[in-house]
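Notes follow the structure.
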Amino acid sequence: MRLRRRFHTEESHGIDLAPMLDFVLNLLIFFIITAVFVKEFALVVNRPAGIVTTAGAGTGSIPISILGDGEIWIEGRVVDVRAVRPNIERLHAVNPKNGVLIVAAPDAQTGLLVQVVDQVHLGGIYNITFSTSD
Amino acid sequence: MQSRRHTPDSEDHGIDLAPMLDFVLNLLIFFIITTSFVKEAGVTVTRPEALRVEHRDSGNILIAIRENGEIWMDRRPVDLREIRSLIERLHVERPEDSAVIIADKASRAGVVASVMDEIRLGGIKDVSLAAARAGDG
């Protein structure tokens with residue numbers, strides 16, 4: 001005890017770094033705790049730059065319609081979500097340059113939309129444009 | 001000069017704190033820089049699941065859409081018409097940022113589409129739709 005007091009009063013020539021170190025460590029802990037490491041998984045979909053009508057988008061893209069009640073239409077037929085992938089694989093094999101245009105009803109569920117986008121990705125097409133039918 | 005050299009050799013009884021202080025300061029600066037980048041949405045939503053998803057790293061602007069159509073950005077609910085000006089401001093601050101829309105499974109596609117349009121009008125072209133990796137729980 002006497003030795004420590006003697007050190008502080010008589011022999012310390014420089015600045016005492018200990019309080020600064022305490023403060024900096026507190027700051028560090030604060031920033032580590034508040035740091036948010038966001039790891040977001042996402043799907044990339046395009047939006048048409050202009051106004052695209054369903055009829056006018058026929059060339060160069062495969063239209064898929066999602067209705068408000070959850071029905072999915074490809075080439076004039078109602079298909080199941082799980083049937084989107086084989087359909088897309090077939091159409092992709094016929095014309096590999098084609099993209100996909102997803103036309104969703106405004107009240108269609110996003111969960112279904114993401115499922116369809118995922119199925120199209122699995123079918124091999126990554127150029128997906130998303131538009132709504134109103 | 002002589003007195004400074006004199007100090008560490010003979011009179012220093014404790015550990016030299018300077019290297020540790022350097023290290024801690026570097027860590028501190030690193031965390032300060034990395035924290036300010038993320039704009040969190042501030043609300044939890046049930047993400048739709050997908051099998052093939054891309055990993056989007058930091059520096060993203062997150063916009064959440066709840067199942068009732070509420071839009072959350074930067075920890076507060078915002079109006080659809082506010083998004084454009086907010087995005088414009090963020091785009092000016094950090095032009096390389098990309099936006100991620102975190103839409104609830106049960107939200108409507110129409111809301112997602114209009115939010116996507118507003119973000120594009122605000123100047124950010126890199127917009128993606130968040131999904132959870134299927135099977136990860």
Side-chain angles (χ1 to χ4, degrees), chain A residues 3-4 7 10-14 16-18 20-21 24-49 66 68 85 102-122 126 128 130-134, chain B residues 3-4 6-8 11-14 17-18 20-21 24-25 27-28 30-32 34-35 38 40 46-58 60 62 65 67 100-114 116-117 119-120 126-134 136:
Chain A
L3 185 93
R4 194 183 284 173
F7 174 71
E10 291 169 20
E11 291 183 12
S12 178
H13 296 287
D16 188 11
L17 285 177
M20 184 197 171
L21 191 58
V24 166
L25 267 174
N26 272 329
L27 266 180
L28 180 67
I29 290 161
F30 169 76
F31 278 106
I32 289 175
I33 289 170
T34 53
V36 194
F37 296 103
V38 173
K39 286 187 176 174
E40 202 61 61
F41 294 99
L43 302 161
V44 179
V45 286
N46 301 322
R47 264 306 263 167
I66 304 172
R85 181 180 174 178
I102 297 176
V103 185
D107 54 349
Q109 293 209 335
T110 311
L112 185 64
L113 172 72
V114 168
Q115 271 183 304
V116 171
V117 171
D118 191 33
Q119 291 290 316
V120 174
H121 278 170
L122 290 169
Y126 286 88
I128 300 173
F130 163 54
S131 99
T132 44
S133 58
D134 56 346
Chain B
S3 80
R4 192 185 282 175
H6 185 67
T7 312
E11 291 182 13
D12 198 355
H13 297 288
L17 287 176
M20 183 196 172
L21 192 57
V24 166
L25 266 174
L27 265 180
L28 179 68
F30 168 76
F31 278 106
I32 289 174
T34 48
T35 43
V38 180
E40 263 211 301
T46 320
R47 289 163 169 74
E49 288 187 350
L51 291 167
R52 190 167 287 183
V53 286
E54 275 180 38
H55 189 166
R56 314 286 295 181
D57 261 334
S58 61
N60 292 328
L62 306 180
I65 301 170
E67 73 269 28
V100 176
I101 298 175
I102 310 167
D104 195 281
K105 225 182 215 178
S107 65
R108 306 285 146 194
V111 184
V112 176
S114 40
M116 218 177 246
D117 279 345
I119 295 169
R120 285 178 59 88
D126 188 4
V127 185
S128 51
L129 201 52
R133 198 189 284 271
D136 271 9

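Proteins come first, then strands; the chains are lettered A, B, ... in the order of their sequence lines, and each starts at number 1.
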Heavy-atom distances under 4.5 Å only: say whether B:I65 touches chain A with side chain, backbone, both or neither.
neither
Please check: side-chain N/O of A:D118 versus main-chain N/O of B:R52, any donor-acceptor pairing under 3.5 Å?
yes
When rounded to the nearest 0.5 angstrom, what is the spacing between OG1 in A:T132 and CG in B:D117?
7.5 Å
B:D126 versus chain A, heavy atoms under 4.5 Å apart: side chain, backbone, both or neither?
neither
Nearest 0.5 angstrom please: A:I128 CD1 to B:L129 CG, how far?
10.5 Å
To the closest 0.5 Å, what do you measure between CG (B:L51) and NE2 (A:H121)?
12.0 Å
For B:V127, which atoms come within 4.5 Å of any heavy atom of chain A: side chain, backbone, both, or neither?
backbone
Would you mind reporting whether B:M20 and A:L21 have side-chain heavy atoms less than 4.5 Å apart?
yes
Start with the C-alpha distance between B:E54 and A:L43, add both sets of side-chain angles, then the distance that settles side chain to side chain contact (heavy atoms under 4.5 Å, CB included), and finish with yes or no.
CA-CA 6 Å; B:E54 275 180 38; A:L43 302 161; over 6 Å; no
Could you tell me which non-hydrogen atom of B:A109 sits nearest to which non-hydrogen atom of A:F130, and how far apart they are?
O-CZ, 3.7 Å
Distance-only check: which donor-acceptor pairs under 3.5 Å involve side-chain atoms of residues 105-115 of chain A, not counting sequence neighbours?
{"residue": "A:T110", "atom": "OG1", "partner": "B:S107", "partner atom": "O", "Å": "2.8"}
{"residue": "A:T110", "atom": "OG1", "partner": "B:S107", "partner atom": "OG", "Å": "2.6"}

